[in-house]
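This report refers to the structure that appears directly beneath it.
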Amino acid sequence: MDFLKTNYKGLLLCLCIAIPSWFAGKAFPIIGGAVIAIIAGMIITLFIKDKTSLENGIKFASKKVLQWAVILLGFGMNLMVILETGKQSLPIIISTITISLVIAYILHRIMHIPNKISILVGVGSSICGGSAVAATAPVIDADDDEVAQAISVIFFFNVLAALIFPTLGSFLGFSHDTGTAFGIFSGTAVNDTSSVTAAASTWDSMWNLGSATLDTAVTVKLTRTLAIIPITLVLAFMRTRKESTQSNGNKVRLKSIFPMFILYFILASVITTIAVSAGADITIFNPVKELSKFFIVLAMAAIGLNTNIIKLIKTGGKPIILGFCCWVGITVVSIVMQHFMGLW
């Protein structure tokens, strides 16, 4: 009862934003419910004069609900199947992720971009857009403004990629007879699943390939998503080590500083893998995956409510440059690696 009394107002407001955003995201998948929710939250918060009674619920949604969403994401991952079907694209995936993280680190040092923003944009660009940001943000303890900024940057280049990549693929001479080359390209070079799907479906429509390109692109994208596991683990251990060092000799319990939800996320993916290997249909996890996506939309609504849009606009220049450089780096490396491997 105390929990409800303290949090219900903020949670109710987040739900009022998240539910229509969820359905709007279904209608406009290239934008997605998470982006719609975060923008709606940023606008609505401008008209709220006093958020005192809402703060606890909003904070709970932006922190705890986001962690639950990440844990539930694990139930959509059959590790063995994804690795088996995506192994052809694995060298390209590793190369694109590496170049994005290297670019993010270099520009962080040269342009003095805040560390957490650099990590969020670098990881989001290289792995899977909003889901990677959602998984990484609690690990590095990013604040809501930083999450909102990273999501906004990644969304911008997502939409740009979905619009121009089919034309770029045609210009580069990707095969029109099969969807393999463009499927791998969109699966490795486009950030978010919605934009990967949009770009691949466009290519299928352009050359009457049915769903060949889409099937390849989604498989590659799922393989790429697995990188969330090692990257979040590394970031978690780095944060744990840093915080234990800063404790000035005081005894620190690992559980109190290590983001345990990452381990639960890995456990969920292992459970899925074992269940499917034992003969279970992967579709039984679909309701959990949908709930995970809704939780992300709910958390993004809360993050939007806690975001200062004026500050976001004033400080947005450098993160946009960072996102652009990561995007270009990933695109070039994906094309070069495919050419080197003889895929086009």
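When a residue number appears, it is its place in the shown sequence, counting from 1. Below, all heavy atoms of this structure are taken into account, side chains as well, without hydrogens, waters or symmetry copies.
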Nearest-0.5 Å distance, [atom1] of residue [X] to [atom2] of residue [Y]:
{"X": "D144", "Y": "N308", "atom1": "CG", "atom2": "CG", "result": "11.5 Å"}
{"X": "N7", "Y": "S53", "atom1": "CG", "atom2": "OG", "result": "11.5 Å"}
{"X": "Q88", "Y": "I93", "atom1": "CD", "atom2": "CD1", "result": "10.5 Å"}
{"X": "I320", "Y": "C325", "atom1": "CD1", "atom2": "SG", "result": "12.0 Å"}
{"X": "L101", "Y": "I106", "atom1": "CG", "atom2": "CD1", "result": "11.0 Å"}
{"X": "I184", "Y": "S89", "atom1": "CD1", "atom2": "OG", "result": "6.0 Å"}

Hydrophobic cluster (4.5 angstrom, side-chain heavy atoms) - remaining members for [X]:
{"X": "Y105", "result": "none"}
{"X": "I94", "result": "L90"}
{"X": "Y8", "result": "none"}

Which residues satisfy the side-chain hydrogen bond (donor to acceptor under 3.5 Å, both in side chains) test with K64, sequence neighbours excluded?
none
Would you sort out whether T272 and M77 count as a side chain to side chain contact (heavy atoms under 4.5 Å, CB included), showing the intermediate values?
CA-CA 6 Å; T272 302; M77 292 186 174; 5.7 Å; no
For a quick test of your reading: what N or O donor-acceptor pairs under 3.5 Å do the side chains of residues 331-338 make, sequence neighbours left out?
from, atom 1, to, atom 2, distance (Å)
T331, OG1, W327, O, 2.8
S334, OG, T188, OG1, 2.7
Q338, NE2, A181, O, 3.2

Among the clusters formed by ILVMFWY side chains lying less than 4.5 Å apart, do [X] and [Y] turn up in the same one?
{"X": "L12", "Y": "I48", "value": "no"}
{"X": "L15", "Y": "I17", "value": "no"}
{"X": "L13", "Y": "I43", "value": "no"}
{"X": "V153", "Y": "V102", "value": "yes"}
{"X": "I231", "Y": "F261", "value": "yes"}

Show me the donor-acceptor pairs within less than 3.5 Å that the side chains of residues 120-134 make with the rest of the protein, sequence neighbours left out.
from, atom 1, to, atom 2, distance (Å)
S125, OG, V121, O, 2.7
S126, OG, G122, O, 2.9
S126, OG, V123, O, 3.2

Is the backbone N or O of [Y] less than 3.5 Å from a side-chain atom of [X], with the two atoms forming a donor-acceptor pair by type?
{"X": "H108", "Y": "I113", "answer": "yes"}
{"X": "T45", "Y": "L305", "answer": "yes"}
{"X": "T213", "Y": "L209", "answer": "no"}
{"X": "S292", "Y": "V288", "answer": "no"}
{"X": "S269", "Y": "I266", "answer": "yes"}
{"X": "S175", "Y": "D177", "answer": "yes"}
{"X": "T202", "Y": "A198", "answer": "yes"}
{"X": "S170", "Y": "P166", "answer": "no"}
{"X": "S195", "Y": "N191", "answer": "no"}

Closest non-hydrogen atom pair between [X] and [Y], with its separation:
{"X": "L66", "Y": "P138", "result": "CD2-CG, 4.0 Å"}
{"X": "L46", "Y": "M42", "result": "CG-O, 3.5 Å"}
{"X": "F182", "Y": "F174", "result": "CD1-CD1, 3.8 Å"}
{"X": "F295", "Y": "V65", "result": "O-CG1, 3.6 Å"}
{"X": "A227", "Y": "I97", "result": "CB-CD1, 3.4 Å"}
{"X": "F75", "Y": "A268", "result": "CE1-CB, 3.6 Å"}

Scan [range] for pairs that pass salt bridge (Lys or Arg N to Asp or Glu O under 4.0 Å), counting only residues two or more places apart or in two chains.
{"range": "residues 101-126", "value": "none"}
{"range": "residues 145-162", "value": "D145-K311"}
{"range": "residues 187-209", "value": "none"}

Flag the pair [X] / [Y] as yes when at least one side-chain heavy-atom distance between them is below 4.5 Å, and no otherwise.
{"X": "I282", "Y": "F285", "value": "yes"}
{"X": "M300", "Y": "V147", "value": "yes"}
{"X": "F157", "Y": "V190", "value": "no"}
{"X": "F185", "Y": "L168", "value": "yes"}
{"X": "L322", "Y": "M111", "value": "no"}
{"X": "V70", "Y": "I228", "value": "no"}

Quick check: are there more than 12 heavy atoms from other residues, nucleotides or ligands sitting under 6.0 Å from NZ of K59?
no
More than 12 heavy atoms of other groups within 6.0 Å of M238 CE:
no
Contacts satisfying side chain to side chain donor-acceptor pair (under 3.5 Å) that involve residues 65-83 (not counting sequence neighbours) are none
Pairs in or reaching into residues 149-163: which pass side chain to side chain donor-acceptor pair (under 3.5 Å), with residues at least two apart or in two chains?
Q149-T315
Go through the steps for F60 and E55 under the test side chain to side chain contact (heavy atoms under 4.5 Å, CB included), then give the verdict.
CA-CA 9 Å; F60 182 85; E55 282 179 353; over 6 Å; no
Check: residues 22-39 side-chain donor-acceptor pairs under 3.5 Å, at least two apart:
from, atom 1, to, atom 2, distance (Å)
K26, NZ, E290, OE1, 3.1

Walk me through it: do I92 and L343 pass the test side chain to side chain contact (heavy atoms under 4.5 Å, CB included)?
CA-CA 11 Å; I92 303 173; L343 296 176; 3.9 Å; yes
For R239 and D141, run side chain to side chain contact (heavy atoms under 4.5 Å, CB included): C-alpha distance rounded to whole Å, both residues' side-chain angles, the deciding distance at 0.1 Å, then the answer.
CA-CA 9 Å; R239 179 186 168 193; D141 196 28; 3.9 Å; yes
